[in-house]
Structures are given as C-alpha cells and as structure tokens.
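The structure appears below as structure tokens.
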Amino acid sequence: MTLALIFEQLLNGLQFGLMLFLMSAGLTLVFGVMGLINLAHGSLYMIGAFFCAVAAGATGNFWLGLAAGMAAAAAAGALIEMLVIRRLYDRDHLDQVLATFALILILSEATKMVFGPFPLYLNAPPILSGTVNLGLVDYPLYRLALIGFGLLVALGLWLLIARTRLGIRIRAGENDREMIAALGVNIRALYTVVFALGAALAGMAGALVGAVQAVQVGMGEPVLILAFVVIVIGGIGSIRGAMVGALLVGVIDTMGRFLLPRAFAVFLDASQASGIGAALASMLIYLLMALVLVLRPKGLFPLHA
Amino acid sequence: MTIRASLCTGLAVLALSGGVAQAGTATVGLITTLSGGGAGIGADVRDGFELALAMSGSDAIHLVIEDDGQRPEQAVQIADRMIQSERADILTGIIFSNLAMAVVPSVTAQDVIYISSNAGPSPLAGAGCHPNYFNAAWQNDMLHEASGAYASEHGMTNTFILAPNYPAGTDALTGFKRRYTGTIAGELYTQLGQTDYAAEIAQIRASGADSVFIFLPGGMGISFMRQYSQSGVDLPVISTAFTVGQDNLPAMGEAAMGVINSGQWSPDLDNAANAAFVAAFREAYGRTPSLYASQSFDTANLILSALAVADVDDHDAFRAALRAADFDSVRGDFAFANNQHPIQDVYIRQVAMVDGEITNRLLGLAIEDYVDVYAAQCPME
Amino acid sequence: MRDTHREYALNTVLALGLLLVPLWALWADEPFTITMFTRIAILALAGLGLNLVLGLGGMVSFGHAVFFGLGGYCAGILAQHAFNGAPILGLPGTNQMLIIWPVAMLVSGLLAAVIGVLSLRTEGVFFIMITLAFAQMVYYFAISWPAYGGEDGLPIYVRNQFPGLNTMRPLHLFLICWGVLMLALGLFAMVRASRFGAALMAIRQNPDRVAAVGIEPFGIKLAAFILSGMITGLAGALMADLSRFTSPSMMAWTMSGELIIIIILGGTGRLFGPVAGAAILVGFEVTFGGLTEHWKLWLGLVLLGAVLFARGGLIGLIAGRERLG
C-alpha cells in the first residue's frame, strides 16, 4: 500500500463526495425552501441523463446534451410542481413521501415507454477524456472536471442565495411565508421556480454523472437514497450541510471500500476478507448517518437552529 | 367489492381459456423482468421466444407473459398464478439467479416443468437437481471457467478479479479460479448495484496485475467500462457475455472495444440455425440479438421439439422428449447432461466493430463439450 | 356516529369476505385465489403492525420492511437448521410454527428496541430517513452475508408445520393466517381503546401536553414501536412460509414503501385499513400485472390519486373521515 495509492483514494473520495453534492444540491434546496421531501428527485436525475444522452447522440455534442438534459429536467420539474407538488406543501411528510413515491413509479415506466428498455450511450466530451499527471498519480480528467463542477455549483448556489433578488425571496420564504406573500411576492410562482431550479440541478447531475455511469431506467433510485443520506447528515435544507455531508460520505465510503477488505485480510484468507470487508463497507455510510442523527438529531447544520 | 368480484371472474375466464390444452399443445408461462434496469434483458428474452414461435409457424404453444419487476416475491406470486389459475404446463423466462432460486423449487414441487433460459445457480445443478427442472442456458460457473481457461492459455499470469458481493458474484470468481493457473493479483467484491468504481480501479492500477477479470452484469458493467476506459489503466480486460453482451454494448460504445469474453453462442457463430435466427431477429426488432435472446429462442424450439413427439400431460414421455433435445440449437451441438443442464462448447469472443456496429466476434473455442462440475453430485441418471 | 356504524359494517364485510372468498375458491377449484387471499391476510398483518406506529402514533417509519424480512429469515433459518440437523447457537432448529412465531417476534422486537431507542430521538423527516437508513444497513448485510444464501435468499423446502393442520394445503395455511390476522386486529382494537393507546394518539397530536401531565412520550412511543416491529416480524415469518422462500428483497426500501401504501390506500389509523389496503394492492398487482407490461405506471397513478384526492383511503371514502380524538 503506497502513499500514491492512499493519495489517489483520498482524491477518489473527494471526487465521489462532490458527485454526491451535485446529486443532493437540488434536493436540499427544495426541502429548505418549501419543506418538501421529494423522493422523485432521482427520477428527475434520470430524465436529465436520458435527454442528455439522446441530445448528445443526435448532435454529437456533449454540452448541447447537458443543456438539453437540464432543460428537460427543469421543464418536467415545473410541470410536476404545478400538477402535483403544489397540492402537497400543506400536507404532512407522509403524504409527500407517498405522492412522490408514486411519481417514481410513473416516471420510471414513462421513461421506459419513451426511450425503450435498453441502456443508452453517453460518453464524456473528448476535451475532457484522458488523464492528467498530478505528480503522484495519473488522474482521469473527467473526474477532475466533476470536482470543478461540484465546486462551481456550490459557489453558484451560494451567490444565488446570498446575492440575488431571487435569493432574498428564497431566504424570506424559508423564514416566513405569510410575510413575503404580504410583501407582494407571488409565492406560487416562486415555488415553481425553485422546484424547477432543483430539478435542473438534478438533471445536470444526471447528465454529468451519466457520462461515467449507466444511463438506464431506475438509475435514480440508488442516487436518491445516497442523496438522502447526504442531506440528512448535513441537516436537511442546508447547502453547506449538503457539501459537508457529501464529502464525509464520499471519503468514508471510498476509504471503507478500500481499507476494510485489507484490514480483514490480516487474519482471513483473501476471498473471505474481500467478501466480509465489502459487506461492512456497504453498511458504513448508513452507520455514519445513524451515528450523526443519534448525536445531533437534526443533522450537522440544522437549518433553523 | 367490485374489484374482487371482477377479479374472480377474470381469473375464472383465464383458467377456462388456459385449460383447453390438447395433445400436442401446451400453455407456457414466461416470467421475466420487463421493468427497471433489467428490462432490456427481459425484452430480449421475450422477443427471442416470440420470434421462435413466429418462425416455427406452429400454434402449439399458448404463451402467457408477465413482468416480475426483478423481485423474488413477485415472481413467486406470478408462478403460482400461472400454475394454479392459468394451468400452465411449463414455466420459463426468469433472468436472475435469486428469482430462480425462489421460483424453481416450488414450481417443480407442484409437478410443473421449469426450463431455465438464463440463470443456473449451483444448488439446482448439484444435489438439488430435479426431473422437472431443465436448464437450456448454462450452469452459473460455466462461462467464467471458460474465461479462466482462456486466460491461462494465453499468457495471463497475474490477474486481478472483481465481482459484486452476492452469490452469482462469488460463483463467478470461484468459477474463474477453478480453471485459472496463474496467480491472483487481487480479489475484490463490490456492492451490488454499485455505480462508481474509482476506488477499485485505483487498486487495479496499484496491484501490478497483467490483466483484469470482471463479472459486472447490466448497468454495473457499463459504469465500470466507461470509468476504466478513462482511467488510463490499459490492462487487458477479460470477462463473460453477461458484462459485454449485445444488451450492453451499444451503451458502452468504444469503451468496451477489445474486451475478451466467453459465451456458448455468438452472433457470428457459423451454423444455419444461427444465421437464420440472427437475420430474422434483426429484421423483426431492428437490433442484433444478445446471448439472452439466443437462449430464449433455443428454449422455445426445445419445447416445440418435445411437443411434436409427446403429450405434455404425459409427464414421463414429455420429459424424455425434452431430454432428447432434438432441435437445431443456434449454438450448434446441444445435449443434456444427467442433471439436465447443457453439454456444450464454450467460445471466446472479442468486442469489435463489425459492419459499423459494435458487437462480438468469435475468436475460438475455449472449452469443448463442457459438463458442469456439479453434475456429479446430481443423483439423476 | 352514523359513520362509525358504517365502518363497523364495512369491517364485518371485510373480515367475512376475506374468509368466505377462499372457501368459495376451494369449492370452485381456484387454488390461486386462496393463495392470493393468504397473501392479502399476511400483508394486512404486516401493515397492521406499521399502522400501530404510523396510524396511531404518527411516526412515519420508512424502514418497517426490515422487521418483515427479519421475521422471514427467522422462519427460514430455523427451518433450514431443522432440515439439516445442525444446531444454531447451541439450540436445534425447528419446523413448528408455534415455536417459530415467538422467536420471530422476539428477534424483531429486539431489533425494534435498538432501532427505536436510536431513532425516536429524531422527528419528522429525520425519523423517516433514519428508519430507512437502519433498514438499508440490514438489507446490505443480508445481501452480502453468504451463510444464509446472500442475495439468492433461503428456500424453505417443506413448509413449517402447525399442529392439526396440513400447511401444504392452501386453505389450511390461509386459515392459519386469517386466524392470526383476526387475533392481531383484536389486539389492535384493544390497544387503541386502552389508556396506552389514548396516550399514543395524544402524543401524535400534542406531545408537550402529554409530557405536562406526567407521561413520558419516549417510553410510550418506544413500546409502540417494539410491538409494531413484533407484529410485522410475525407477518414476515408467515410470508416466508407462504412463498416457501425468504430473501433480502423482503427488506428492500420499496417494500417499506409498499407497507405505507397499504395503510394509506386502506385508511390511516383505521382498524381494518391495512386489510382493505392489502386487498387493493394485491388485487391491483394480479389483475393489471397480467394485462399490461406497464402496470407500474397505473399503480403510480392510482396511488397519486389516492394521496391527492382520497385522503381517508378506501375506508375513509365509504365510512367518512376519521373522527378526531
């Protein structure tokens, strides 16, 4: 086990963490503003990936695909908000869970009906393929780009919330709905915009991550659960919490997968150690989440502390 | 209670229509995965079967198809319904081993024949073999063993092996190691359904291996190959048809180019039955068939061949007719071993660009007249 | 109060219908209908367990499938050890339902105690998510733990036995499940009418006021959670015997979602809500699953409609809104 390998694994953990942040940013934004728990977030992620794959395939340009994926997810988000989500803001979390669970069933099946049952082709743009020498290791350029994207989204969201008119309204809406309605802000339109923005973020994550994973029906479900782990650890609704949660989960999951089998190999044979190590590694992030919630029942960065 | 009432009438009607099986005809229930990530494979299983029926021009088979959603409980419920309510004589179509393990024992115990067109878990091939259970695909270890044999014979001496952490994954690595004579540079089990393989690829890079063997079916394989091709690691990859089959190749694209893999069939396998099958499949569905489609096609023809000589209600005669396997398999020679699993040749294929399409090309034979290692534990003659 | 009468009438129809249709099916030689109703009874029992915490206590557990699966594994593991004669933890395995059930309930109850103690410190979305996390943890463990089959699951070659009945006959197994369900319904009604139940419902509406009169909400909620886990675990043991198989997919998060769906479709907090909900869900799967490959789309639409427009579930539609209090 060399220093270079440990360095590379840490970098992988960081990279995976930022990928998770991309996946969870929209989810936590929507919860923070509207108090809505949206299980269909993973489906919007899937829609982004599918439209990106089709558009990139048709035009031969990944960036056009990315734009198409984001646009499609945002449009789907706005439509879903107006038809369904709007009726759920005043409901309890149980109704929200169920209605959005129903949306998963509907969107998955609809995606299969539109795009067919087979996984789609989507590859990283040529300009981002290949590896870069980072001194200790050669690292895939696209993964570095994903780190960059994650940081850009974090910065963009911060700017949006702290510096823009929309951000002021969002912050006001988080604190007191009636008040900003009284100030003449159209709350309905604001919520539709925020939900569409969250959907666009999900779609962007789907398109970006889809280029290194399988674009297929159901791809959003594991992502959904991971994203929930991330935002629950961070404190639901907090962008900063999502970033910290994502990095924690990314690094701990990666290092667990890397180190646990090796730890067991000290006293077991290689096959067994790998099996048991992998089994424990897959439980690790849920253990982390449980631990955080036991110690801090509202996550690391509670929204309304 | 109208739902319940209409349900019962519905079931009764289905039971009547299914119950009229005469000599030479049979009701076949096809349970397969038509939703979620495995839906593409299920589509191939369904299309392969239906194509065989259409090409035969026979109406001896009354086919009932249903989606199992890749859930064992769902599959068990559907199997019960097909047997008890639609009076199915034969069931087939299940793709995943864990679903097969749930369904097959209860089907065979109800004295209904199950013919596996995919999935061959070892418990059903060895001591748990059953006169009502036939496997027209392979035993789970078979293709992985062939890859191990090929790796040993072609100068790979230090291979890194990787599979998901579930029984089919451990079977795969055990199968590979059984015929592999080199050393294992590293052995890793990943999470089932895992999507990011950066941590594993880093370990492959650091291991000093000269080759990589993977068993990552479905979306896992797509994710791995895409990430591997961008990682700068250029060790040769050896695998099986499950990871780089025609169901996955269009999505993988150039990332899969050159991957060596084993399969008992290939689209370019040279025999008349196969040429007709591949041409008809492309014509009917506009895509190249996968291994899964070929197995389902064979299963349908196997059933038709038995129906031509025996009545499905005469169980002994019908089972004997199935065992004779008197049909033109698209994989060439085909016979059943004592455990009613295939005796067949396993080939080595390579992913290549053929006529503008990324597909598999035959390289050669890996194992001839293969009989799986569990057959010896099966008490059937 | 008229609505209460209507609910009683509906409950009677459900309880008798659940019993009479399989009897008819035996006469009409429709064994699958019996199997289907056995499944309804078992899922209703699992839902009833969840209804205790979700319906009465307002705790949305999104991980109840873990108890369902654990109960299934208890049945599967004990049966396997009885089958191959190997002892487990120094004790012999068994194929007697009357021993398996208490074991399944005890083990599920223990796990519920652990999960409950840790999870009940949180509220709202955090409670939903932490119960999901615990379930996922056990789910992944079950998939990768090879001793009892891993993802392949564990077959039960011969159904476990019940004194005086032949469990391999569909009607006998159904009668066992129906009987257990009726007992559990009786227990639920008793709990709801008891001081414990009143405290539980009061906590849902106003925890502070309950604490002010000197009742510790945590203890009440924990007791309900444990009882709930035990009932759902018992249902899991029965389900394993019905499908003669147990597997990690019984613990999948979609199964947890399905249990919630059963309660919502039937009517949250209603005595017979899970029975009605399970009947709707299974009926839907069986009819639409055979008709169209896209049945999940329709299931989603029905569910969405139920959440948006029929908040009281089926029982709420027929018997009116739940009375407050």
Side-chain angles (χ1 to χ4, degrees), chain A residues 31 35-37 39 83-84 87-88 91-110 112-113 117 221 224-225 228-229 231-233 235-237 272 275-299 302, chain C residues 54-55 58-60 62 114-115 117-146 150 252-254 256-258 260-261 263-265 268 292-309 311:
Chain A
F31 187 90
L36 177 92
I37 173 167
L39 295 187
L83 289 177
V84 178
R87 301 166 200 273
L88 296 171
R91 301 285 191 90
D92 55 16
H93 292 314
L94 176 61
D95 284 359
Q96 298 178 351
V97 164
L98 273 171
T100 52
F101 186 85
L103 284 176
I104 296 182
L105 295 176
I106 297 169
L107 292 174
S108 289
E109 198 56 42
K112 195 193 90 185
M113 288 163 78
E221 288 174 24
L224 168 77
I225 301 210
F228 268 117
V229 171
I231 70 169
V232 165
I233 287 176
I236 306 182
Q272 268 186 317
I276 294 177
L280 290 180
S282 63
M283 296 163 67
L284 211 55
I285 57 167
Y286 300 104
L287 215 60
L288 171 74
M289 171 168 161
L291 190 73
V292 167
L293 285 188
V294 166
L295 298 176
R296 307 197 57 164
K298 285 182 183 301
Chain C
L54 194 153
M59 295 168 259
V60 184
F62 202 8
V114 174
I115 294 181
V117 165
L118 296 174
S119 308
L120 289 169
R121 300 160 57 97
T122 64
E123 286 179 335
V125 195
F126 291 96
F127 182 78
I128 300 180
M129 288 304 146
I130 195 172
T131 44
L132 173 67
F134 279 115
Q136 287 293 103
M137 218 167 359
V138 180
Y139 170 73
Y140 279 115
F141 179 75
I143 279 192
S144 41
W145 191 35
W253 71 277
T254 43
S256 294
E258 230 165 75
I260 300 183
I261 291 174
I263 293 184
I264 299 293
L265 285 181
T268 317
T292 161
E293 186 191 307
H294 307 300
W295 65 278
K296 281 186 179 165
L297 180 77
W298 298 106
L299 178 62
L301 288 171
V302 167
L303 183 58
L304 193 60
V307 177
L308 291 182
F309 306 115
R311 295 181 66 182

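Lettering of chains follows the sequences in order, A, B, ..., and the numbering in each one begins at 1. Below, each value reflects all heavy atoms present in this structure, side chains not excepted, and no hydrogens, waters or symmetry copies.
Both the backbone and the side chain of C/Phe141 come within contact range of chain A, with heavy atoms under 4.5 Å apart. With a threshold of 4.5 angstrom between heavy atoms, C/Phe62 approaches chain A through side-chain atoms but not through N, CA, C or O. No part of C/Ile115 comes within reach of chain A, as not one of its non-hydrogen atoms sits under 4.5 angstrom from that chain. At a 4.5 Å heavy-atom cutoff, the contact between C/Val125 and chain A is made by backbone and side-chain atoms alike. Residue contact with chain C, scored on non-hydrogen atoms closer than 4.5 Å, involves the side chain of A/Leu88 exclusively. Using a 4.5 Å cut-off between heavy atoms, A/Ile37 touches chain C through its side chain atoms alone. There is no contact between A/Leu284 and chain C, counting heavy-atom distances below 4.5 Å. A/Leu288 does not touch chain C: none of its heavy atoms, backbone or side chain, sits under 4.5 Å away. Residue A/Ile104 touches chain C through its side chain alone, counting heavy-atom pairs closer than 4.5 Å. Residue C/Ile128 touches chain A through its side chain alone, counting heavy-atom pairs closer than 4.5 Å. A/Val292 does not touch chain C: none of its heavy atoms, backbone or side chain, sits under 4.5 Å away. Proximity to chain C is absent for every atom of A/Val229, based on heavy atoms less than 4.5 angstrom apart. Only the side chain of A/Ile225 comes within contact range of chain C, with heavy atoms under 4.5 Å apart.
Highest contact tally toward chain C, considering only A/Gln96, A/Lys112, A/Arg296, is held by A/Lys112 [criterion: heavy-atom pairs under 4.5 Å]. Comparing C/Glu123, C/Met129, C/Lys296 by how many heavy-atom pairs each has under 4.5 Å with chain A, the most go to C/Met129. In terms of heavy-atom pairs under 4.5 Å with chain A, the best-connected choice from C/Ile260, C/Val60, C/Leu308 is C/Leu308.
The CD1 atom of A/Ile106 sits 4.0 Å away from the CG atom of C/Leu301 when rounded to the nearest 0.5 Å. Distance check, rounded to the nearest 0.5 Å: OG1 of C/Thr268 to CG of A/Asp95 gives 7.5 Å. With rounding to the nearest 0.5 angstrom, the CH2 atom of C/Trp295 is 8.0 Å from the CG atom of A/Leu105. Taking CG of A/Leu280 as the start and CE of C/Met137 as the end, the distance is 11.5 Å to the nearest 0.5 Å.
Contact record, A/Ala290 with C/Phe134: CB-CZ, 3.5 Å, taken as the closest heavy-atom pair. Nearest heavy-atom pair, A/Tyr286 versus C/Ala133, reported as atom, atom and distance to 0.1 Å: CB-O, 3.6 Å. Of all non-hydrogen atoms in A/Ala102 and C/Gly300, the two that sit nearest each other are CB-O, 3.3 Å. Contact record, A/Ala110 with C/Leu297: N-CD1, 4.3 Å, taken as the closest heavy-atom pair.
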Note to self: Between C/Val307 and A/Arg91, does the side chain to side chain contact (heavy atoms under 4.5 Å, CB included) criterion hold? Intermediate values first, please.
What the structure shows: CA-CA 10 Å; C/Val307 177; A/Arg91 301 285 191 90; 4.2 Å; yes
Notebook entry, point to check: Can you check side chain to side chain contact (heavy atoms under 4.5 Å, CB included) on C/Ile264 and A/Leu94, steps first, answer last?
Noted result: CA-CA 9 Å; C/Ile264 299 293; A/Leu94 176 61; 3.6 Å; yes
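Between C/Trp253 and A/Phe101, the ring planes lie perpendicular to each other; the angle is over 60°, past the 30° to 60° tilted range.
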